Amino acid sequence: MSNNDQAATAGPAPASRQKAARKPRRSRILVDFMGSMSLAITLLVALAIASVIGTVLVQNEPYTEYLMDYGPFWHEIFAGMGLYQVYSATWFLLVVAFLVISTSFCVYRQTPGLLKDLRRYNTQVKEKSLRSFHSSATGDLDQSPEEFIQHAHRVLKAQGFKAREKNHDGQTVIAAMRGRWNRMGYLLTHVGIVVICVGALADGTTLLKVNEWLGNLEIETRSVPISEVPRSAWIPDWNPSFRGSVEIPEGASANVVFLPMREGYFVQELPFRVELEEFRIERFSTGAESSYESDLVIHDPNRDEPLRHTISVNHPLIYNGFAIYQASFADGGTRLDIDAIPLGAEALRELEVPGRVFQEMEVPTPDGDTRIIEFTNFQLENVVPLLNEEGVRENRHMGPSFDFRLMDRTGHGLYYRNYQRPALQEGAMYFLSGVRESPAEEFHYLFLPADADDSLERFRTYLAMLHNPEVRNEIARQVARDDETVPNEQTQAIARTTAELMGLFAEGGYMAVNNEIERRVPGERIDEVRDLMIRILHAGLQGLYMEVLQDEGVVSIQEEEQRFLEDTISAINAISLYQSPFFFHLKDFEHREASGLQIARAPGQSTVYTGSVMLIVGIFFLFYVSYQRLWIMARRSENGEGTHVVMAGTSNRHQVEFEERFAHLKRWIIDQKPVDGASDGTHESNNKND
Amino acid sequence: MSVPHEALDFERPGIFRRIQPRDWAYIALTIAVGLIAFWQYGHMMDRYDTGGLILAVGLSAWMGWFWRPWQLFSIIVAALSLFGIWMYGDDLARGSTNFWLNYVGSGQAGVMWMSVFLYLSTVAYVTGLFSRSDFPTRVGGAFAWIGAGAGLMALLVRWREIYLTDPTWGYIPVANLYEVFILLAALTTLMYLYYEGRTGQRTMGAFVMLVIAASVTFLLWYMWDRQAHEIEPLVPALNSWWMKIHVPTNFVGYGGFAIAAMLGVAYLVKHRLERTRPDAALTQRIPSKEALDNVMYKAIAIGFAFFTIATVLGAMWAAEAWGGYWTWDPKETWSLILWLTYAAWLHMRFTKGWRGPVMAWWAIIGLFVTTFTFLGVNMFLSGLHSYGEL
């Protein structure tokens with residue numbers, strides 16, 4: 001980043017240049033190389049490319065996921081190159097370090113010359129070189145040289161130039177400059193960059209890496225309780241800078257944070273204990289989250305009494321140089337009171353399952369087997385944005401839900417999400433349960449119709465009766481008997497078929513019915529038979545429903561009741577795909593949340609901010625102050641009467657504006673005439689410097 | 001022959017003497033408006049709000065002195081915005097029943113007028129490039145002023161509309177892609193008009209307005225296809241005072257880079273035409289390469305300075321919201337890449353004295369990096385800056 005600002009030194013060659021022409025010493029070569037523009041640009045490009053890689057390749061994912069994405073071959077290479085944590089990879093830090101060194105060398109190399117430049121007015125110019133300037137003028141005046149010099153000084157002073165004068169051989173040279181802050185801009189920007197990088201490196205993970213390299217630390221890759229993490233992965237309180245996270249359930253506390261490191265983590269000790277009293281999500285009227293808040297209590301042995309403080313997003317707590325941020329939230333182990341409702345003959349005999357989020361337990365099935373249920377999450381509110389009939393967006397509040405996985409003994413099973421309350425769907429109420437094969441898929445929903453009391457009672461009764469062979473036979477007989485289109489001698493056969501179809505349907509839905517028909521009936525008659533069989537089945541299902549309603553005391557069937565039956569049939573048909581022997585219904589819960597805190601210590605932060613301010617101030621000096629130099633050479637004319645004047649100037653910024661300014665200066669100094677319109681145009685000329 | 005010194009005009013008058021009565025009047029007006037605002041609403045403002053008010057008054061007063069056309073422009077925009085807000089009263093529903101609001105003065109109507117006038121301005125400027133008369137470009141300039149004014153008015157009225165939708169939501173409308181696109185179009189237009197006024201090179205508009213028209217097109221697509229103009233509550237991460245300064249500062253940067261890139265295009269066109277058709281009228285109409293290079297440098301300089309400030313402000317905000325001033329979030333990383341792109345451009349110009357087609361190409365490529373930083377990161381990469389997804 002050498003800053004030779006061409007224009008500024010385009011004039012007389014400074015002495016330092018001439019010196020450089022001699023044979024350079026070896027140390028000088030090193031300084032020149034380290035401070036060279038080519039090295040700096042190379043490093044900048046390397047930094048940019050590495051940065052791009054870090055954004056394209058998602059950083060800090062679990063290694064198992066990378067393995068799946070890239071395969072073992074590339075995974076090894078990527079991991080070896082540190083591409084999963086580019087920004088803390090050793091080679092990346094080396095690039096940054098080299099950039100800092102390079103910039104420092106550049107500053108080191110440039111500063112002496114720069115300071116000299118500011119002090120040296122360079123009155124040793126030759127007339128020939130002045131005439132070669134882009135902005136240059138000559139003139140022959142009637143004034144005496146003394147008078148002229150005095151005049152020139154007045155103009156220069158008024159125009160903000162600092163000037164030096166030298167008389168030699170009857171010739172006077174005035175060297176003048178203005179805008180020296182521009183040169184300070186160079187220093188401020190480059191030193192600012194160095195300061196920022198130094199502060200940032202201090203806040204980085206370098207210290208940990210060194211300790212890891214020395215064998216003092218070893219990352220933990222297993223997901224184990226904190227008590228089982230070996231001491232080699234613990235970092236005592238000496239670590240001056242870190243950024244880690246910890247999840248604290250309500251009512252619990254923590255005195256460590258976890259620092260992610262490659263495929264594992266370190267455990268960072270804190271000199272205090274953070275307790276979470278309560279975590280809250282504040283919401284707007286739409287149901288959208290407006291604020292995440294945690295009521296924290298800091299227990300510090302050095303404090304007489306604990307410190308209470310509420311943090312929220314954008315409002316961290318700064319405590320003794322530790323900054324505590326609201327980063328995320330999760331379930332903290334909500335207690336779930338669940339009824340496991342068998343989806344079969346035992347449908348009316350629910351099993352109480354006392355669950356807790358993140359726990360798993362065994363549930364005995366009615367057929368003597370067991371399933372393992374693992375509760376994975378609980379959601380207090382589910383707000384789903386929907387378009388209503390008028391096409392206006394509105395939010396539907398679905399109430400609480402819980403997620404679980406139901407596995408057989410071999411550990412295979414599906415993922416489920418059940419809602420506590422029935423939801424309105426096209427005019428009727430349903431209990432919803434989503435099911436999917438993997439968390440990456442969308443849920444498919446099972447709709448269990450809710451009865452008038454918003455309960456599952458009627459559905460369960462129907463289901464239990466359908467699964468009872470005696471009930472089925474009885475109903476089938478009734479239906480066959482009551483049907484006047486059935487000849488008497490066929491009543492029994494029809495009743496048998498009805499009962500059998502109902503049995504098939506109860507176990508496997510329409511699929512089972514269809515399979516049976518296909519198995520028994522020859523190809524050409526199958527459609528005819530199928531229609532007949534479905535009609536018989538529906539008559540039976542309808543008959544069963546009449547029985548259920550009768551038991552409830554309902555006499556007349558309205559549209560509503562009819563729809564309930566259709567929904568019930570659809571639901572029972574879907575149960576065969578649902579792959580769970582139970583419907584897990586959430587009766588009650590005790591919500592417990594956990595707050596994800598990020599705790600950081602960044603002693604380099606103020607250094608980085610200082611560097612940033614230097615950088616910004618420097619940029620404005622560099623861009624908006626132009627460093628201008630001016631030389632005026634005057635000697636008595638050949639004829640001894642007047643003065644011969646040569647004037648030249650240069651600027652390192654805003655050449656166009658400088659040319660205009662030079663023209664003005666020439667008019668004032670040599671022509672000694674006012675600049676037309678310049679008196680009220682100061683407004684404009686002032687702004688030309690931007 | 002020598003004239004007395006008193007007759008020469010080289011003495012620089014003091015800063016206060018350089019401010020003319022008209023400027024004083026404008027400065028007094030802005031301060032008065034600020035004081036009235038404080039007197040009316042001061043009791044509801046915290047120290048950040050008060051600081052913001054002082055900053056706004058100072059900035060507007062300085063702008064009025066620095067760039068005279070700002071005076072009348074800001075007065076008209078403020079008057080129209082206040083009129084719109086007054087028409088609303090406390091009832092958002094008036095947006096569709098009140099004639100003024102429905103057709104001119106609401107946020108939504110303002111955006112439409114902005115779009116219309118910026119499109120018309122683009123057409124006029126391009127016509128002006130191929131015409132011998134200055135008239136089309138002058139019309140283009142006038143339309144650009146109207147478009148920028150309508151855009152700013154739209155934002156100011158929308159600010160009120162957000163509060164009317166739900167007082168608990170209230171935030172400054174620079175929180176989503178829809179709002180920042182309005183800001184980008186209006187700011188870039190104003191920055192361009194400044195350079196046009198300073199240099200008198202009107203045909204630059206034929207190039208610069210193209211990128212502005214493109215951003216308006218995106219805005220309209222985003223609005224119609226995604227209903228982006230619907231007012232939604234703010235996500236908690238954005239609910240911060242920092243947003244008020246971080247976002248607009250950033251867009252001065254993006255605006256500067258956009259202008260520079262389009263002048264780079266103009267430079268390359270001129271460069272080519274000078275070789276192939278040196279005498280063609282079109283060749284003569286495009287400003288000289290020196291003039292283009294000069295404005296391109298200035299646009300990149302102002303863009304770079306503001307982008308640097310915006311990035312530092314962003315880091316300070318990140319330190320408060322995410323727990324780290326630099327976390328290599330994709331947006332942060334791409335900001336660094338963008339910063340390096342223009343830092344290298346400036347180094348090449350300052351230290352190696354580079355000019356010419358290479359620098360023009362570089363400025364054009366810079367706009368692609370800018371666009372990726374602005375939009376691409378949200379579209380293709382995941383990260384903490386995930387609001388304003390497409």
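Computed from a prediction, not measured in an experiment: that's the story for all the values here. In what follows, chains carry the letters A, B, and so on, assigned in the order in which the sequence lines appear, proteins first and then strands, with residues in each chain numbered from 1.
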Q: Sort out for me which of A:A48, A:A158, A:S612 touches chain B most, counting heavy-atom pairs under 4.5 Å.
A: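 If we count pairs closer than 4.5 Å to chain B, A:A158 comes out on top.
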
Q: Can you tell me which portion of A:S51 sits under 4.5 Å from chain B's heavy atoms? Options are side chain, backbone, both or neither.
A: both

Q: Looking only at heavy atoms and a cut-off of under 4.5 Å, which of A:P316, A:A323, A:A602 has the most pairs with chain B?
A: A:P316

Q: Sort A:Q598 into side chain, backbone, both or neither according to what part of it lies under 4.5 angstrom from a heavy atom of chain B.
A: side chain

Q: Quick check on the interface: out of A:V155, A:V313, A:I41, who has the most heavy-atom pairs with chain B under 4.5 Å?
A: A:V155

Q: Could you tell me which portion of B:W241 (side chain, backbone, both or neither) has an atom closer than 4.5 angstrom to a non-hydrogen atom of chain A?
A: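 Neither; nothing under 4.5 Å.
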
Q: Just so I know, are the side chains of B:V312 and A:Y609 near enough to count as touching, which here means a heavy-atom distance under 4.5 Å?
A: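 A side-chain contact is absent here, since even the closest heavy-atom pair is not under 4.5 Å.
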
Q: Any sub-3.5 Å donor-acceptor pair from A:Y87's side-chain atoms to B:T327's backbone N or O?
A: no

Q: Side chain, backbone, both or neither: which part of A:I669 has a non-hydrogen atom closer than 4.5 Å to chain B?
A: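 No part of it gets close to chain B.
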
Q: So for B:L234, is it side chain, backbone, both, or neither that comes closer than 4.5 Å to the heavy atoms of chain A?
A: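 Contact with chain A is through the backbone of B:L234 alone.
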
Q: Apply the test side-chain contact (heavy atoms from CB on, under 4.5 Å) to residues A:F620 and B:I309: give CA-CA distance (whole Å), side-chain angles for both, the deciding distance (0.1 Å), then the verdict.
A: CA-CA 11 Å; A:F620 276 88; B:I309 296 176; 3.7 Å; yes

Q: Pick one of side chain, backbone, both or neither for B:I302, based on which atoms fall under 4.5 Å of a heavy atom in chain A.
A: both

Q: Return the option, out of B:T341, B:L336, B:L340, with the maximum number of heavy-atom pairs under 4.5 Å with chain A.
A: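 Option with the top pair count is B:L340.
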
Q: Can A:Y186 and B:F350 be said to form a side-chain contact (heavy atoms from CB on, under 4.5 Å), step by step?
A: CA-CA 11 Å; A:Y186 161 76; B:F350 286 168; over 6 Å; no

Q: Could you walk me through whether A:T55 and B:W328 pass side-chain contact (heavy atoms from CB on, under 4.5 Å), step by step?
A: CA-CA 8 Å; A:T55 62; B:W328 296 102; over 6 Å; no

Q: Just give me the residue among B:A319, B:A344, B:A291 that pairs up with chain A most often, heavy atom to heavy atom, under 4.5 Å.
A: B:A319

Q: Among A:L665, A:I616, A:V45, who wins on heavy-atom pairs under 4.5 Å with chain B?
A: A:I616

Q: Taking every heavy-atom pair that is under 4.5 Å apart, which of B:G324, B:A305, B:P233 has the most such pairs with chain A?
A: B:P233

Q: Can you name the residues that form a ring pair (Phe, Tyr, Trp, His ring centres under 6.0 Å) with B:W354, not counting sequence neighbours?
A: none

Q: Take B:I337 and A:V52 through the test side-chain contact (heavy atoms from CB on, under 4.5 Å) and record every step on the way to the result.
A: CA-CA 8 Å; B:I337 294 164; A:V52 173; 3.4 Å; yes

